[in-house]
Structure formats: structure tokens, C-alpha cells
Amino acid sequence: DIFQEVLAGYFDSK
Amino acid sequence: MLELRLVQGSLLKKVVDAIRDLVNDASFDCSATGFSLQAMDSSHVALVALLLRSEGFDHYRCDRNISMGMNLNNMAKMLRCAGNDDIITFKGDDGSDTVSFMFESPTQDKISDFEMKLMDIDSERLGIPEAKYQAIVRMPSTEFARICKDLGSIGDTVVISVTKEGVKFSTRGDIGSANIVCRQNTDVDKPEQATTVEMNDPVSLTFALRYMNSFTKATPLSNQVTISLSSELPVVVEYKIAEMGYVRFYLAPKIEE
């Protein structure tokens, strides 16, 4: 199965 | 006090049309540097970053940093009332809950004024570090749009693979599969028709075509698109806005588990 990643895993909240 | 005048008013229309498919409401930030925006789509999978540098405007006055929440569909409705050759002036005031757009025809014989309500937006901002990408592909933006549209009618996801042979876009769906390879091609009449592949390491990543197709709404802004790929990072799809800045779209990959 292919899952969609979210951006929070890559970029930090400011 | 904020006052921005753009002789090439159609540019603002194109910018709003480029991003309103992805985000409904966004907070525009104005500072001495320029007019900018960072917004995520509702599922927090894609992000758009816009910069229109102050030097690119014909007149730019921003006394204090100011953030203005706007509904992009409402903004598009207002901007649709401007003629393609109109000069657009955008005005805002500290503490006001509205902004105004003034459209002037090139011959100055028609002047229109529109006032738009602002909205309160609780926007989350992400820090995007500078990164070194494994591969950077530059290609005609219309070609990229065509590929995303064509593949979108066959499958839901696109695998973008960069090797020394070029860049391959692949999809698979119920009716079959498709592969489109674009080779590096700099032997063209005009630089905007060129495809270049800068590769440090081969890379192959999977993305949702729905988002890629949404990014291609920015095609009218630039003849070329730059796609930066790294296995550790979201892809960046960048449309440069001549002499002004850029619209960049970031999209998290799909991963197999």
C-alpha cells in the first residue's frame, strides 16, 4: 500500500 | 499604510489563479522585502510559498509589517473585474478589516474601486530550510502541465525518476500504464524550450497527481518550471515570476509501507 506523507514530518513549525 | 502599484496588473490575477486551487484562505504578509504568502492545503500535504519582491512593483509603500487574511476565491472575483491591461493598485491600512483594489485602464479613462473584506486566519507557518537536492529538472512549463494532465487521466500517482538518461514520469491505473521520458535537450531555438537535468544522484519518488495538476495552474506565470527532488524531502515545483519572485509548491511524497 502507498501512504501519503504530510509536510510536518519534513518541515518544522515556526 | 500599505500601497502597492503594479502596472502589469494581470500578473496579480495569474498569481491568485495559480494558488486558489490549492488553498481557499491565506494570510498575505507585507514587509519591506515584498508581498509574500505561505499556506498549506487543508490536508497538510502540500504548501505554497509566494514572493513578489518590492522592487518588482512600480510603487511599493509598506510602513509596517502587516498580515492580511484573504479568501482567494473572493480575491479572484474582484480581480476578474480588472481588464487585462489595467494597472492595479492595492491598498490597506493598519487595523482595518478591509483592503481596496483600484483598477486603472491604460488610457486612464476608466477607474474602478473595489473594497474587499479581510478575514481572521489562524495560519501555521513552517520553516523551510535551504536544501541540496539530488536532482533538479528544468523544463517548459506547458510540457510539464501536459504530462501531468495526460497521466492524470490514467492513474492517481506519478513516479518521477531522474537518471542520467533524463527524467521519467510514470503512472499506472485500472486501464493500463504510461511512461513518459524527457531527455535533456538544450539544442533549441529559444531557451524557454529547453529541458535540462542536473543530477547528483539518481532519485525516484511517488506523488499524488491531483496535487501536481493543481500546481500546473501556475503555468501562465512562467515559461519554465523547475522540479527539485530529493529522497529525504518534499518535491519543490517552482515557477519563477520574471523580475519579481516566484511561486513554489512543496509536496510530500507518497511512501510504500
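The chains referred to below are lettered A, B, ... by the order of the sequence lines, with proteins before strands, and numbering in each begins at 1.
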Subject >> Neighbour count >12 (heavy atoms, 6.0 Å) for atom CG, B/Asp150 >> reply: yes
Subject >> Interface moiety of B/Ser43 toward chain A, non-hydrogen atoms closer than 4.5 Å >> reply: backbone
Subject >> From CD1 (B/Ile255) to CD1 (A/Ile2), nearest 0.5 Å >> reply: 10.0 Å
Original post:
Around atom CZ of B/Arg172, are there more than 12 heavy atoms of other residues, nucleotides or ligands at under 6.0 Å?
Top reply: no
Original post:
Which of these passes side-chain contact (heavy atoms from CB on, under 4.5 Å) with A/Leu7: B/Asp41, B/Val45, B/Leu251, B/Leu47?
Top reply: B/Leu47
Original post:
Would one find more than 12 heavy atoms of other residues, nucleotides or ligands at under 6.0 Å from atom CG of B/Asp120?
Top reply: no
Subject >> Backbone of B/Phe207 reached by a side-chain donor or acceptor of A/Gln4 within 3.5 Å >> reply: no
Subject >> Within 6.0 Å of NZ in B/Lys217, more than 12 heavy atoms from elsewhere >> reply: no
**OP:** Just give me the residue among B/Glu256, B/Arg125, B/Met40 that pairs up with chain A most often, heavy atom to heavy atom, under 4.5 Å.
**Re:** B/Arg125
Original post:
Measuring from A/Phe11:CZ to B/Gln38:CD, what's the distance to the nearest 0.5 Å?
Top reply: 9.0 Å
Original post:
Can you say whether A/Tyr10 sits under 4.5 Å from chain B via the side chain, the backbone, both, or neither, judging by heavy atoms?
Top reply: side chain
